[in-house]
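Reading through the structure tokens given below for one structure.
This one's a predicted model, so the numbers in the text were calculated from it and none came from an experiment. Order of the sequence lines sets the chain letters (A, B, ...), proteins ahead of strands, with each chain counted from 1.
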2 protein chains.
Amino acid sequence: MGHSDFTGEFNYSIDSKNRVNIPSRYRKTMNEENVCEVVISKGFDSNHIDVYPLPKWIVLRDKITASMQLVNRVHRNFIRQFTQNASHCTLDSQGRIMLTPKLMEMAGIKTNGNAVIIGMIDFMEIWDPEELKKHEENTPLTDSDFEKLEQLPLI
Amino acid sequence: MGHSDFTGEFNYSIDSKNRVNIPSRYRKTMNEENVCEVVISKGFDSNHIDVYPLPKWIVLRDKITASMQLVNRVHRNFIRQFTQNASHCTLDSQGRIMLTPKLMEMAGIKTNGNAVIIGMIDFMEIWDPEELKKHEENTPLTDSDFEKLEQLPLI
DNA sequence: TATAATTACCCATAATTACCCACAAATATG
DNA sequence: CATATTTGTGGGTAATTATGGGTAATTATA
């Protein structure tokens, strides 16, 4: 299985049926691996929606269940938050998915509104444009962040 | 895979469809390695566009993703900012790529205007001519910059 | 079980992009 | 120096993409 390479930022509309388009380039990648199902979820932040192609979701799910202990309360809470709002979606013939009201409310995404899709290499994020702007203003990467990164054997 | 050797400075026009030419010498190099796809990105500065031939991008991407953990909020923010403004382009049969409005705005590059392409050994930069001039006037390398460079096992 | 609500599937269309051809300017070649 | 080739630039058209909406099938609800 080759790496996905979801990059970029895309603006789409949410229609009256709460459908969003998935960028056609991402669809092509998924098609090549015969993936037409994704899992949308609350993910680790609470201000946007995560979209995992099914194979990626399965890897994530298995990693989590393998390393979590049910006797640990924090672990239980984490699993609950991670799966509670996760739902499977099939792309329609136009390449769209339907969002759930609960995830939309959590992310501030509105029916007949707009949404921004951001590529995160092997999964995607769906943001309300306003929330994204707010997030960018509040948490810019600082020079000290970059200094820390310089210490990694990266570039 | 041999090293690329992108050098020099080239002046091109931006047409009404936001297309820029890629220097034919660079194209030849990429052709020899069967590369017809590049990733354009905001890179680490915000006043010009970076252009990575696909193989170079993949190396960069893998270095970054390998050391990142999704449960880490700072890491997520970094990946987001890194990929958000990165987009894949295929060279057309004339050897041009189409720039995105967002990257153009960020770099001050205008439709029907001009752009300067600078070779950076194994990637390229696209500058607005005015921005480039400003940058050259404002930030020449100082002696203390060179002293810092001396500490790296570089040259 | 009957009815209402929801969802899956299909068709239509405007906007955008990819692909192609044309030509002028610049460069290389004999 | 004349001619051929490559390179940069512009634009038309077919194909793709994004988006909206209708209707049958499915699911939920009384």
Residues of [range] with any non-hydrogen atom less than 4.0 angstrom from an atom of DNA chain C: list those, numerically ordered, please.
| range | result |
| --- | --- |
| residues 85-92 of chain B | none |
| residues 15-28 of chain B | B/Lys17, B/Arg19 |
| residues 99-122 of chain B | none |

Check whether more than 12 heavy atoms from other residues, nucleotides or ligands sit under 6.0 Å from atom CZ of A/Arg76, and answer yes or no.
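Atom CZ in A/Arg76 is packed in, count exceeds 12.
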Just wondering, are more than 12 heavy atoms of other shown residues or ligands nearer than 6.0 Å to CD in A/Glu136?
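Yes, enclosed.
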Are the side chains of [Y] and [X] in contact, using a 4.5 Å heavy-atom criterion?
| X | Y | result |
| --- | --- | --- |
| A/Glu9 | A/Val116 | yes |
| A/Phe78 | A/Ile64 | yes |
| A/Met104 | A/Lys110 | no |
| A/Arg96 | A/Ile22 | no |
| B/Ile79 | B/His75 | no |
| A/Ile126 | A/Leu103 | no |

Could you list all the ring-ring contact (aromatic ring centres under 6.0 Å, His included) pairs where at least one residue sits in residues 95-120 of chain B, not counting sequence neighbours?
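Output for this query is empty, none listed.
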Ring pair (Phe, Tyr, Trp, His ring centres under 6.0 Å) test vs B/Phe123 passes for just one of B/Tyr26, B/Trp57, B/Tyr52, B/Phe6, namely B/Tyr52
Looking at A/Glu131 and A/Lys134, does any basic side-chain N land under 4.0 Å from a carboxylate oxygen?
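Salt bridge present between A/Glu131 and A/Lys134.
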Do the side chains of A/Asp5 and A/Arg25 get close enough for a salt bridge, i.e. N-O under 4.0 angstrom?
no
Give the ring-plane orientation class for A/Trp127 versus A/His48, where under 30° counts as parallel, over 60° as perpendicular and anything between as tilted.
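Answer is parallel, since the angle falls under 30°.
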In whole angstrom, give the distance that lies between atom [atom1] of [X] and atom [atom2] of [N].
| X | N | atom1 | atom2 | result |
| --- | --- | --- | --- | --- |
| B/Phe10 | C/dA26 | CZ | C1' | 14 Å |
| A/Tyr12 | C/dA15 | OH | P | 17 Å |
| B/Arg96 | D/dG10 | CZ | C1' | 8 Å |

Compare every heavy atom of B/Ala115 with every heavy atom of B/Val20, then report the nearest pair and how far apart it is.
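Between these two residues, the closest heavy atoms are CG1-CB, 4.3 Å.
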Under 4.5 Å between side-chain heavy atoms, hopping through other hydrophobics if needed: is there a path connecting A/Leu54 to A/Leu60?
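Yes.
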Under 4.0 Å between any heavy atoms, over every strand shown, what does B/Ser13 touch: base, sugar-phosphate, or nothing? Just pick one.
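The answer is sugar-phosphate, as B/Ser13 gets under 4.0 Å only of primed atoms, P, OP1 or OP2.
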Students should find that the end-to-end axis angle of the helix from C/dT1-D/dA30 to C/dG30-D/dC1, with five pairs defining each axis and rounding to 10 degrees, is 40°
Dump every N/O contact between nucleotides 12-14 of chain C and the protein below 3.5 Å, one line per pair.
none

